[in-house]
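Here's the structure, in structure tokens; my notes come after.
As the structure lists them, so they are numbered: ligands from 1, and atoms in each ligand from 1.
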Amino acid sequence: MVNGLKGQIVGGKTPTWRQNDDVNGAVEDEFDWAEMDADLYYWTKPLRPVQWYPGHIAKTEKELKDQLKLMDVVIEVRDARIPLSTTHPQMDLWLGNRKRILVLNREDMVSTEDRNAWAMYFSNQGTKVIFSNGQLGMGTMKLSRLAKSLAAGVNVRRKAKGLLPRPVRAGIVGYPNVGKSSLINRLLKRRMCPAAPRPGVTRELKWVRFGKDLELLDSPGILPMRISDQAAAIKLAICDDIGERSYDVADVAAILVQMLAKLPTVGMKVLQNRYKVDVDGQSGKIFIDKLALRLFNGDSHQAAFRVLSDFRKGKFGWVALERPPR
Ligand SMILES: Nc1nc2c(ncn2[C@@H]2O[C@H](COP(=O)(O)OP(=O)(O)OP(=O)(O)O)[C@@H](O)[C@H]2O)c(=O)[nH]1
């Protein structure tokens with residue numbers, strides 16, 4: 001503990017700062033992600049809770065549950081930077097035995113190591129996972145092939161009953177802003193669904209036809225009504241997967257600084273070099289305040305926004321904020 005700094009760390013617990021510019025894999029392998037999660041739990045505890053009140057969630061949830069019954073296969077899209085924090089706690093319950101494909105979108109925003117770790121984790125669980133890039137379209141052809149092959153049994157069963165074949169129905173579900181509409185547009189090779197760099201753009205459930213064999217249902221991002229896991233909520237805020245009105249930008253940016261400082265692929269030095277702010281042994285909040293004084297006439301909101309925006313643009317390199325539990 002650095003004397004006099006208690007209480008200035010966002011969230012309460014002293015961070016174990018890592019003065020680290022070593023980016024080799026050995027250091028990354030030794031990094032304790034569970035410890036980072038534990039820190040995050042303490043850091044977020046005393047903060048103003050992240051809380052969303054989008055009026056359309058309850059309605060969408062009900063509609064989606066009804067529509068899920070019609071789906072032959074469900075494509076669940078998550079943010080590759082935070083695959084655990086971007087799944088709805090009730091998703092397993094809703095899906096039951098329905099066939100599921102997991103898509104980790106924004107693959108361009110994580111490192112190869114992150115990707116490999118998640119690929120191995122999900123494959124060990126027997127879950128089919130596809131990495132995709134909704135902006136450039138990577139992964140989409142594989143996705144449509146897999147959806148069709150998983151749902152092929154539908155028409156075999158229909159034929160046995162003397163019914164005509166029908167297109168396979170695939171529903172695309174996931175949190176706001178994870179890239180659902182972009183993926184559909186890429187699959188269709190045209191702009192059928194509005195996609196935008198802010199959460200909550202898709203407002204209604206919408207079926208779209210893909211060739212003669214596949215029908216896709218785009219849905220508005222679904223979030224749990226209440227979020228009990230504040231560490232997950234902060235990660236959603238950092239990754240811009242929830243609306244800005246749900247959180248305090250300065251708190252969230254300060255937590256991000258504390259996380260980046262710990263991550264082996266970023267570390268304190270990278271932050272210092274980028275912002276020319278001396279942060280030796282200090283907290284995320286102090287860092288943001290200093291940056292505000294240096295660049296933004298003391299406006300901490302602007303400083304906080306700059307750090308968040310730099311992270312989202314990959315200025316610290318492409319880093320995931322979660323790794324699979326061991
Ligand atoms: N870098 C990157 N950006 C992506 C990717 N996929 C989507 N985006 C961007 O992320 C933003 C959100 O994408 P959308 O497709 O609107 O997300 P959505 O899940 O449909 O969002 P809602 O309508 O809020 O539910 C857009 O600015 C996309 O261009 C990706 O793989 N990589």
Side-chain angles (χ1 to χ4, degrees), residues 52-61 63-64 67-68 74-83 85-88 91 101-112 114-115 118-119 129-144 170-208 210 216-225 227 233 235-247 308-321:
W52 44 78
Y53 305 97
H56 61 280
I57 285 183
K59 185 169 159 270
T60 309
E61 230 181 68
E63 279 177 10
L64 188 67
Q67 296 282 354
L68 277 173
V74 175
I75 299 168
E76 191 198 352
V77 185
R78 301 192 198 171
D79 186 327
R81 293 167 296 175
I82 45 172
S85 296
T86 43
T87 187
H88 194 293
M91 191 57 81
I101 301 172
L102 181 59
V103 175
L104 297 189
N105 190 44
R106 299 176 182 273
E107 66 160 0
D108 53 309
M109 298 178 105
V110 296
S111 68
T112 310
D114 294 322
R115 197 189 142 113
W118 285 111
V129 62
I130 289 180
F131 287 86
S132 69
N133 179 333
Q135 267 180 344
L136 299 179
M138 268 80 109
T140 47
M141 289 328 287
K142 197 168 167 197
L143 177 59
S144 80
I172 305 224
V173 300
Y175 273 29
N177 220 33
V178 293
K180 301 178 294 301
S181 301
S182 305
L183 276 174
I184 293 186
N185 291 337
R186 279 281 156 191
L187 269 169
L188 300 175
K189 298 200 175 62
R190 59 182 186 273
R191 214 176 135 78
M192 290 292 292
C193 303
R198 55 181 191 284
V201 171
T202 308
R203 281 300 167 108
E204 55 192 30
L205 294 161
K206 189 162 150 195
W207 283 102
V208 283
F210 177 59
L216 295 167
L217 176 74
D218 189 15
S219 60
I222 35 153
L223 287 166
M225 303 277 202
I227 178 101
K235 289 184 211 164
L236 293 175
I238 291 173
C239 293
D240 204 16
D241 290 334
I242 47 168
E244 213 182 289
R245 275 179 302 172
S246 321
Y247 55 90
L308 283 173
S309 155
D310 283 350
F311 171 76
R312 291 165 185 166
K313 287 183 198 149
K315 299 282 165 125
F316 305 105
W318 295 120
V319 277
L321 296 182

Quiz item: Taking only residues two or more places apart in sequence or in another chain, which ones pass side chain to side chain donor-acceptor pair (under 3.5 Å) with R81?
Solution: D79
Self-check item: Check against side chain to side chain donor-acceptor pair (under 3.5 Å), N185 and S182
Solution: CA-CA 5 Å; N185 291 337; S182 305; 5.7 Å; no
Can you give me the closest heavy-atom contact between [X] and [Y], atom names plus distance?
X: V103; Y: S132; result: CG1-OG, 3.2 Å
X: T140; Y: R186; result: CG2-CB, 3.8 Å
X: A320; Y: V110; result: CB-CG1, 3.9 Å

Checking the N or O distance criterion of under 3.5 Å, is ligand 1 in contact with [X]?
X: V178; answer: yes
X: G134; answer: yes
X: M109; answer: no

Atoms of ligand 1 close to [X] [distance to a heavy atom under 4.0 angstrom, numbered from 1]:
X: N133; answer: 30 (C), 31 (O), 32 (N)
X: P176; answer: 24 (O), 25 (O)
X: S182; answer: 7 (C), 13 (O), 14 (P), 15 (O), 28 (C)
X: S181; answer: 15 (O), 18 (P), 20 (O)
X: D108; answer: 1 (N), 2 (C), 30 (C), 31 (O), 32 (N)

Quiz item: So do the side chains of R78 and Y175 get within less than 4.5 Å of each other, counting heavy atoms only?
Solution: no
Quiz item: Given side chains that start at C-beta, do those of N177 and R106 come closer than 4.5 Å, heavy atoms only?
Solution: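 SC-SC contact between N177 and R106 confirmed.
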Quiz item: Which of these, I184, V103, D79, N105, has its nearest heavy atom closest to atom 5 (C) of ligand 1?
Solution: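 Closest candidate by heavy-atom distance is N105.
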Quiz item: For atom 21 (O) of ligand 1, which candidate among N177, I242, L136, D240 provides the closest heavy atom?
Solution: N177
